[in-house]
> 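Quick one: the structure is below, and I'll ask about it shortly.
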Amino acid sequence: MPIIEIANLKKSYGNLDVLKQITFDVNKNDVVAVIGPSGSGKSTMLRSLVYLEKIDDGTICVAGNHLVKDGAYAKPQEIKEINAKMGMVFQHFNLFPHLTVKENLELAPKMLKEESPAQIQQRSSELLKKIGLTDRATAYPAKLSGGQKQRVAIARALMLNPEILLFDEPTSALDPELTGEVLNVMKDLAEEHMTMIVVTHEMGFAKEVANRVIFMDNGEIVESGSPAELFTNPKNERTKTFLKRSLK
Amino acid sequence: MSFDYLISILKPMLEGAQMTVLLFIIAIVVSIPLGFILTLSAGSRFKPLSLIAQGYIYVMRGTPLLLQLLFICFGLPMIPVVGEYLVLDRFVAACLGFILNYAAYFAEIFRGGLLAIDKGQYEASQVLGLNKWQTLTKVILPQMFRIALPSVANESVTLVKDTALLYAVAVPELLHFAQTAVNRDFTIVPFFVAGIIYLIMTLLLTMVFKWLEKRFKFE
Ligand SMILES: Nc1ncnc2c1ncn2[C@@H]1O[C@H](COP(=O)(O)OP(=O)(O)O)[C@@H](O)[C@H]1O
Ligand SMILES: [Mg+2]
């Protein structure tokens with residue numbers, strides 16, 4: 001059974017249809033790369049999964065629980081529980097600037113009070129080690145490079161043990177020489193079988209790490225398939241044009 | 001001008017300065033939290049509350065503080081029927097006036113601070129499962145106060161100088177004693193002394209805020 005089922009998502013701003021009948025499933029341990037020109041609705045689709053955007057119609061089901069079914073949303077408490085299964089990493093990191101790296105990691109778990117402070121501390125040091133930033137634990141975000149900030153943001157999302165991790169262009173705000181360190185952390189997560197949906201312009205990452213690629217254009221899924229299929233043998237003209245332009 | 005003369009006028013002037021400092025402390029301690037409540041009210045989704053708060057801020061910032069002080073000291077008691085119960089001690093009335101006025105300015109400063117916070121901060125909080133209250137107290141307010149700090153510092157220095165308005169409602173403060181000495185002794189020295197005392201107060205205050213800004217630099 002898929003861990004995320006998305007069916008017939010629709011959303012419009014005024015008479016601009018941003019999402020038109022988006023339908024796809026994500027299986028457990030999948031790494032799905034979502035590609036497409038800017039303005040095609042990728043962010044809106046991703047954000048609607050964690051209730052940062054409200055859709056007008058359609059169904060989103062996460063691990064068997066309906067966030068929204070045929071346009072009708074679940075109760076606030078259920079929405080909260082469903083959202084807790086997912087973590088999100090933003091293009092602009094959105095770290096808390098007034099908190100140190102360690103405090104950024106520990107704030108949410110401490111507020112949720114599901115674990116003891118000792119457990120929380122232990123996990124934050126494990127995760128800092130994993131992203132290679134143990135020595136920056138007491139630094140404020142302002143003192144970190146973009147790549148370091150994004151690694152911290154990933155660790156912060158992981159603190160809550162999500163089943164699914166969503167990424168919205170995680171490397172687009174970074175200098176080219178800093179994207180590697182972030183992509184490496186994401187590769188490690190993929191190898192540990194984290195389920196991920198990654199909106200990205202990094203075709204290399206999509207090819208290498210994703211096991212499925214979705215091409216969106218103009219609010220629709222134009223084509224989807226394995227990286228091998230989609231990158232070497234795209235069927236749709238729009239996909240071909242897009243790939244030709246972005247692989248240059 | 002003798003040293004003895006300086007000492008003789010310094011004593012009453014320092015007593016006046018105490019009044020200045022007392023008013024400053026009362027005004028700042030009450031008007032900052034009140035200003036913050038006004039900020040939240042003005043931004044509230046409950047329209048009547050929001051309109052009242054915005055109207056209040058508009059009136060307090062749009063009319064002279066001196067007018068407000070005169071109104072509280074001399075105007076309130078003249079209101080028919082209830083006026084006789086509104087005769088306040090001058091100093092109390094002045095404190096009230098400063099608090100009510102400065103709360104509106106602080107509210108505006110805090111509102112600016114809130115607007116400067118990126119919406120990504122709210123989004124990250126929501127995705128991390130923080131509720132509205134946790135988001136406000138742990139994420140938004142600390143940043144808002146940090147952003148507002150330089151403006152709060154500025155406004156506080158203005159408040160020190162505005163305490164001189166007590167002169168107009170005949171509360172004996174620093175300026176009052178200076179003026180008295182000038183008239184009595186035919187010398188302008190007391191004005192200089194008063195100026196220096198104000199400078200020392202604003203300097204100390206500026207240093208405190210500089211320290212706060214450094215302490216909460218988040219770097
Ligand atoms: N709040 C909004 N109001 C109006 N239009 C919006 C809003 N947010 C996004 N859009 C529009 O929706 C479309 C899809 O945006 P987005 O999902 O951000 O695309 P992508 O992430 O693929 O670049 C764009 O045309 C964008 O201008
Ligand atoms: Mg986008």
Side-chain angles (χ1 to χ4, degrees), chain A residues 43 46-47 49-53 76-77 79-101 103-114 138-144 149 152-162 164-168 173, chain B residues 32-33 35-36 39-40 43-46 106-107 109-154 208-219:
Chain A
S43 294
L46 197 71
R47 289 159 57 83
L49 302 184
V50 280
Y51 199 53
L52 287 174
E53 304 280 353
Q77 187 53 37
I79 291 178
K80 241 191 131 167
E81 282 161 22
I82 293 166
N83 280 347
K85 297 177 197 299
M86 291 174 280
M88 172 118 181
V89 175
F90 300 88
Q91 180 176 355
H92 295 287
F93 331 123
N94 296 350
L95 292 180
F96 302 132
H98 61 299
L99 301 179
T100 62
V101 166
E103 289 165 343
N104 262 280
L105 264 58
E106 294 178 359
L107 177 68
K110 279 183 176 159
M111 291 294 117
L112 298 182
K113 292 200 179 86
E114 280 164 3
T138 57
Y140 285 98
K143 285 283 184 231
L144 303 181
K149 282 183 202 171
V152 172
I154 294 172
R156 181 176 70 174
L158 289 172
M159 281 297 286
L160 297 168
N161 282 322
I164 304 144
L165 215 43
L166 312 178
F167 295 80
D168 193 358
Chain B
I32 284 182
F36 179 58
T39 305
L40 292 185
S44 158
R45 254 175 295 175
F46 182 56
F106 285 126
I109 288 173
F110 293 145
R111 194 176 71 91
L114 276 187
L115 289 177
I117 295 173
D118 187 81
K119 79 176 198 321
Q121 294 290 307
Y122 296 91
E123 294 183 348
S125 305
Q126 183 190 322
V127 172
L128 288 168
L130 303 186
N131 63 31
K132 290 255 162 68
W133 177 250
Q134 291 163 342
T135 303
L136 185 70
T137 55
K138 299 288 176 182
V139 178
I140 302 305
L141 292 193
Q143 294 184 55
M144 183 201 77
F145 281 116
R146 181 60 190 87
I147 295 167
L149 203 50
S151 307
V152 170
N154 252 325
V208 168
F209 275 105
K210 279 277 171 291
W211 178 81
L212 279 174
E213 278 177 40
K214 224 168 151 181
R215 166 75 182 68
F216 294 105
K217 203 165 178 203
F218 303 134
E219 274 184 6

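Side chains included, hydrogens not; waters and symmetry mates left out as well; all remaining heavy atoms used. These numbers were taken from a predicted model, which means no experiment stands behind them. Naming convention: chains lettered A, B, ... in sequence-line order (proteins, then strands); numbering from 1 in each chain.
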> At a heavy-atom separation under 4.5 Å, does His98(A) approach chain B through its side chain, its backbone, both, or neither?
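Both backbone and side chain.
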> Verify the neighbour count for atom NZ of Lys85(A): are there more than 12 heavy atoms of other residues, nucleotides or ligands below 6.0 Å?
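Result for NZ/Lys85(A): enclosed.
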> Side chain, backbone, both or neither: which part of Leu112(A) has an atom under 4.5 Å from a heavy atom of chain B?
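The side chain, not the backbone.
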> For Asp168(A) and Ser43(A), indicate whether the former's side chain and the latter's backbone hold a donor-acceptor pair under 3.5 Å.
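Such a contact is absent between Asp168(A) side chain and Ser43(A) backbone.
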> Check each atom of Glu123(B) against the heavy atoms of chain A and say whether the ones under 4.5 Å are side chain, backbone, both or neither.
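For Glu123(B), the contact with chain A is made by backbone and side chain together.
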> What heavy-atom pair brings Phe209(B) and Ala153(B) nearest, and what distance separates the two atoms?
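Where Phe209(B) meets Ala153(B) most closely, the heavy atoms are CG-CB, 3.4 Å.
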> Taking Leu107(A), Asn83(A), Leu52(A), Val50(A) one by one, which has the highest count of heavy-atom pairs under 4.5 Å against chain B?
Leu52(A)
> So, for Phe145(B) and Phe36(B), is the gap between ring centers shorter than 6.0 Å?
yes
> Of the listed residues (Ala84(A), Ala142(A), Pro97(A), Ala108(A)), which shares the most heavy-atom pairs with chain B below a 4.5 Å separation?
Pro97(A)
> Quick check with a 6.0 Å cut-off and a 45 degree axis cone: is Arg156(A) positioned over the face of Phe96(A)'s six-membered ring?
yes
> Okay, side chain of Thr39(B), backbone of Ala107(B): is any donor-acceptor separation there less than 3.5 Å?
yes
> Just give me the residue among Leu95(A), Leu99(A), Val89(A) that pairs up with chain B most often, heavy atom to heavy atom, under 4.5 Å.
Leu95(A)
> Do Gln143(B) side-chain atoms and Leu114(B) backbone N/O form a donor-acceptor pair below 3.5 Å?
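Side chain of Gln143(B) to backbone of Leu114(B): no pair is present.
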> I'd like to verify something: which residue of Leu128(B), Leu130(B), Asn131(B) has the highest number of heavy-atom pairs under 4.5 Å with chain A?
Leu128(B)
> Which region of Phe93(A), side chain (C-beta onward) or backbone (N, CA, C, O), has a non-hydrogen atom less than 4.5 Å from a non-hydrogen atom of chain B, or is it both or neither?
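Answer is neither: Phe93(A) stays 4.5 Å or more from chain B.
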> Any idea which of Gln134(B), Lys217(B), Arg146(B) has the most non-hydrogen atom pairs under 4.5 angstrom with chain A?
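It is Gln134(B).
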